[in-house]
Amino acid sequence: MIQRHGLNSTLETGTYNLKKPFLGMPAPLGYVPGLGRGATGFTTRSDIGPARDANDPVDDRHAPPGKRTVGDQMKKSQDDDDEDLNDTNYDEFNGYAGSLFSSGPYEKDDEEADAIYAALDKRMDERRKERRELREKEEIEKYRMERPKIQQQFSDLKRKLSEVSEEEWLSIPEVGDARNKRQRNPRYEKLTPVPDSFFSKHLQSGENHTTVDPLQGLGGLNTPYPGSMTPGLMTPGTGDLDMRKIGQARNTLMDMRLSQVSDSVSGQTVVDPKGYLTDLNSMIPTHGGDISDIKKARLLLKSVRETNPHHPPAWIASARLEEVTGKIQVARNLIMKGTEMCPKSEDVWLEAARLQPGDTAKAVVAQAVRHLPQSVRIYIRAAELETDVRAKKRVLRRALENVSKSVRLWKTAVELEEPEDARIMLSRAVECCPTSVELWLALARLETYENARRVLNKARENIPTDRHIWITAAKLEEANGNTQMVEKIIDRAITSLRANGVEINREQWIQDAEECDKAGSVATCQAVIRAVIGIGIEEEDRKHTWMEDAESCVAHGALECARAIYAHALQVFPSKKSVWLRAAYFEKNHGTRESLEALLQRAVAHCPKAEVLWLMGAKSKWLAEDVPAARSILALAFQANPNSEEIWLAAVKLESENNEYERARRLLAKARSSAPTARVFMKSVKLEWVLGNIEAAQELCTEALKHYEDFPKLWMMRGQIEEQCENTDKAREAYSQGLKKCPHSVALWLLMSHLEERVGQLTRARAILEKARLKNPQSPELWLESVRLEFRAGLKNIASTLMAKALQECPNSGILWAEAVFLEARPQRKTKSVDALKKCEHDPHVLLAVAKLFWSERKITKAREWFLRTVKIEPDLGDAWAFFYKFELQHGTEEQQEEVRKRCENAEPRHGELWCAESKHVLNWQKKTGEILAEAAKKIKNAF
């Protein structure tokens with residue numbers, strides 16, 4: 001106690017004598033003088049900091065209760081506001097703005113009510129959830145379409161990566177700095193020249209010398225030579241250094257280094273690649289994984305084997321891992337240990353047989369058979385391992401002794417036998433496996449007719465639910481000439497299968513019918529179609545479904561099935577013109593002329609008012625050069641359809657094509673008196689015109705225009721006849737009168753423009769086209785002619801401006817885009833063609849323009865692909881056929897040219913600017929499609 005007092009007094013004395021350590025130092029952060037003892041006399045602005053928001057809590061912890069914080073005051077005032085029940089705060093629908101009972105106690109009833117309302121809200125939200133999610137999805141898709149990701153923008157380039165070959169891929173250089181460290185971080189190197197005395201001293205003392213041979217590359221610089229001198233560095237006859245040869249050696253070394261650098265730059269190498277790769281292959285294991293991954297897998301599989309040694313997949317996986325890494329012997333040891341641990345596992349034994357070499361594998365399989373005498377797969381593997389056929393048979397027969405009910409073993413064994421032995425084996429096989437359809441059918445195929453019938457009857461007794469047995473029986477009867485039995489067998493099959501609870505699947509039966517068709521069993525195929533075609537179809541859907549079925553059969557190459565479907569449909573719908581037409585087109589494309597004519601005879605008997613069927617029959621006879629038969633068909637058509645324009649004109653065409661001009665004239669005169677139409681008059685004028693009777697043609701035209709002045713083709717013919725007679729003024733007058741009567745005929749406007757251009761009146765032609773565009777807005781043909789007019793006049797800038805306006809007015813016009821491609825300079829054509837394809841993806845004119853573009857760039861294969869695509873999309877476009885034929889004449893073989901010509905003749909195109917100019921020319925009126933094709937191709941010049 002005394003000591004403590006003394007220590008304290010000493011400390012106090014020292015404290016008074018020393019200067020206080022905190023004097024003159026800044027106060028700690030947040031220090032308030034006297035706060036610890038509760039002395040808060042006054043507070044200045046510097047103490048409380050800057051002015052605060054009224055909502056912030058203040059530090060008045062020492063204020064009296066109730067006035068302690070501004071927050072208390074705010075809460076109180078807010079409570080007052082919440083309970084404002086003034087009329088101005090009341091709404092008829094929502095009530096008071098605040099909650100009336102917010103100040104009241106929250107009881108169990110309130111909690112229950114809140115839970116109910118929450119459940120209702122959740123239910124309503126779920127009802128709207130699907131719609132909301134769908135709307136959000138659409139908005140996201142729309143956003144993605146407007147602002148695609150970078151990944152989507154490069155998707156087409158990614159797709160093109162699939163075309164990159166392995167060689168191209170490997171030739172892509174690696175990204176990175178290929179220089180070595182010294183080249184990447186260059187430093188100033190100090191080089192000190194070596195004195196000659198150094199060379200001479202070391203040359204005489206050492207035996208390991210440096211020699212440079214350009215054939216050795218950089219390797220082999222330190223080559224030991226016997227003796228004390230390196231050949232070539234000494235001057236002959238003296239022991240002195242030859243400095244000239246040292247300089248040459250240095251130059252040689254420099255040349256080698258430079259050549260090595262140049263080789264590495266050009267992507268080649270001075271190393272022998274074949275030898276180098278051979279060495280690499282011997283070092284690198286044949287697996288694609290990382291070494292560390294293999295070690296992990298090995299450790300993991302070891303753990304699995306030790307934990308559960310009777311788990312077969314662990315042993316198989318371990319063996320395969322070692323096999324992949326190239327350690328085949330380790331794999332074999334592992335799998336053999338696996339057979340000891342899992343002797344009842346079929347997979348382990350099969351894997352062991354696969355990994356072992358020939359004779360050892362046989363021993364392994366023999367051991368496996370002892371452990372698993374009922375395993376079919378092991379017996380099959382044992383048979384595969386045998387190379388001699390007799391040994392295979394022996395193994396399989398031994399297997400069948402142990403596993404007589406295996407269909408797979410019987411099939412494998414039968415395949416090795418001769419037909420007679422196979423028949424004996426199959427008769428035993430069906431006794432052991434009476435439910436195998438394949439074995440019964442195989443036996444039936446090997447038996448004679450009578451025995452096959454008995455076999456199939458037994459098969460039906462054993463397997464009453466399989467349709468294939470019935471179909472095979474029907475095919476058997478058909479093959480032996482009993483076609484009347486086929487229908488009965490198929491009908492009995494349907495009845496029997498239904499009685500045994502089998503559902504008749506219409507699609508499966510039609511597939512079976514198609515297989516019968518391809519196998520040549522026509523009667524069976526037709527019987528199956530007739531039996532099942534109406535099953536499971538509503539009455540109102542029959543026609544539509546049957547037509548689809550027929551088209552599907554044609555697509556699969558089953559023509560007899562399609563014919564049977566059409567025949568059945570015609571029995572059910574004998575008065576349906578559309579069904580007869582489809583059947584007729586089917587016979588025209590896939591049948592014979594006789595079958596088509598027989599069908600059309602039946603068709604016109606059931607649908608005598610269908611003009612197109614009469615005309616098809618007449619045309620078929622005419623193409624067969626049987627003109628009297630064609631005339632008789634048309635005579636019958638006249639009786640059924642008196643005063644039919646189509647039949648009159650067909651009769652006229654038949655006579656005029658066969659040079660019976662007087663008869664054609666009489667027919668037309670009769671038609672004009674009994675069934676006068678604008679087309680009849682037009683054909684009358686055309687006949688006289690092409691025969692050279694210009695005056696008669698003009699008279700007929702004048703007479704026709706009295707009755708049909710709003711028929712533009714008559715005005716066109718009148719103007720063209722006058723142009724042919726070189727009466728320009730009369731032609732102009734005819735076109736002008738025609739345009740007054742038919743202001744919306746684009747062809748008339750074009751003819752008028754061509755007339756003015758031919759006589760050199762470019763300004764008038766331009767004015768006519770402008771007037772035409774005003775009368776017929778958004779007409780791409782008029783815009784196209786305007787562009788071409790300027791182009792022919794040599795005003796390419798005006799033509800380009802007009803084309804831009806045309807594309808603004810007709811943005812989806814294929815003919816305009818096709819012309820726009822070739823208005824561009826060569827480098828810009830490809831870009832323009834891409835724009836054209838985006839706007840008019842399936843327009844034949846755009847596709848034709850792309851084909852011509854590839855042709856102009858000498859990309860023959862691509863051009864041919866695009867020509868084929870064009871004529872497939874629109875076979876009626878004659879211009880496409882003409883360009884395609886011209887292309888094949890220049891770049892194709894004779895077979896390809898002939899194929900294009902035949903396809904064109906079958907398509908019989910009618911449209912196209914170039915095509916119509918040839919086909920409707922007066923001199924070409926009797927020419928066939930093939931001749932017009934050749935003429936049109938001649939007129940094409942490779943100006944593009």
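Along the sequence shown, residues carry numbers from 1.
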| message | Let's go through E322 and R298 carefully: what are the C-alpha distance in whole Å and the side-chain angles of both, what is the deciding distance for salt bridge (charged side-chain N to carboxylate O under 4.0 Å, His left out) to 0.1 Å, and is it a yes or a no? | response | CA-CA 8 Å; E322 300 302 340; R298 195 175 278 137; 2.8 Å; yes

| Minimum heavy-atom distance V532-I504, with the two atoms named | CG1-CG2, 4.3 Å

| field | Approximate separation, where rounding is to 0.5 Å, of I510 CD1 and S552 OG | value | 8.0 Å

| field | Nearest non-hydrogen partners of A352 and V364, listed with the distance | value | CB-CG1, 3.8 Å

| query | Within 45° of the ring axis of W509 and under 6.0 Å from its six-membered ring centre, is that where the NZ or CZ of R506 lies? | reply | no

| What is the distance from atom NZ of K518 to atom NE2 of H556, rounded to the nearest 0.5 Å? | 7.0 Å

| query | Any side-chain heavy atom of Q356 within less than 4.5 Å of one from M336? | reply | yes

| field | Distance in Å, N333 CG paired with I328 CD1, rounded so as to fall on 0.5 Å steps | value | 10.5 Å

| task | Output every pair passing salt bridge (charged side-chain N to carboxylate O under 4.0 Å, His left out) with a member in residues 306-318, not counting sequence neighbours, ordered by first then second residue. | result | none

| Student check: side-chain heavy atoms of E560 and C516 closer than 4.5 Å | no

| field | R354/E351 salt bridge by N-O under 4.0 Å criterion | value | yes

| said: Which heavy atom of I490 sits nearest to which heavy atom of A531, and what is that distance? | reply: CG2-CB, 3.6 Å

| request: Tell me, yes or no, whether the heavy-atom count around E166 atom CD, taken from other residues, nucleotides or ligands under 6.0 Å, exceeds 12. | output: no

| What pair of heavy atoms forms the shortest contact from H310 to M341, and how long is it? | ND1-O, 2.9 Å

| said: Measuring only between side-chain heavy atoms, which start at C-beta, is C561 closer than 4.5 Å to D517? | reply: yes

| Validation row: L868, R864 side chains within 4.5 angstrom (heavy atoms) | yes

| message | What's the separation between atom CG in D549 and atom CD in E507, rounded to the nearest 0.5 Å? | response | 7.5 Å

| query | Do other residues, nucleotides or ligands put more than 12 heavy atoms under 6.0 Å from K327 NZ? | reply | no

| Does a donor on one side chain sit under 3.5 Å from an acceptor on the other, for Q508 and D512? | no

| said: Quick check for you: to the nearest 0.5 Å, what is the distance between L300 atom CG and K302 atom NZ? | reply: 12.5 Å

| query | Does a sphere of radius 6.0 Å around CD in E503 hold more than 12 heavy atoms from other residues, nucleotides or ligands, not counting ones at 6.0 Å or beyond? | reply | no

| task | Taking the side chain as every heavy atom from C-beta outward, state whether S496 and N500 have any pair of such atoms under 4.5 Å apart. | result | yes

| request: Apply the test side chain to side chain contact (heavy atoms under 4.5 Å, CB included) to residues F854 and T861: give CA-CA distance (whole Å), side-chain angles for both, the deciding distance (0.1 Å), then the verdict. | output: CA-CA 9 Å; F854 281 126; T861 310; over 6 Å; no

| task | Taking all non-hydrogen atoms of both residues into account, name the closest pair between W349 and L372 and its distance. | result | CD1-CD1, 3.8 Å

| message | E323 vs L355, test: side chain to side chain contact (heavy atoms under 4.5 Å, CB included). Steps then yes/no. | response | CA-CA 9 Å; E323 182 192 10; L355 287 172; 3.6 Å; yes

| message | Within a 6.0 Å radius of atom CD on E841, are there more than 12 heavy atoms belonging to other residues, nucleotides or ligands? | response | no

| said: Main chain of A383, side chain of E386: is a donor-acceptor contact present, judged purely on distance under 3.5 Å? | reply: no

| note | Distance col, row C525:SG vs E515:CD, nearest 0.5 angstrom, shows 11.5 Å

| task | Find out whether L350 and R377 are in side-chain contact, i.e. whether some heavy atom of one side chain is under 4.5 Å from a heavy atom of the other. | result | yes

| said: Show the nearest heavy-atom pair for residues K344 and H371, with the distance to one decimal. | reply: NZ-O, 3.0 Å

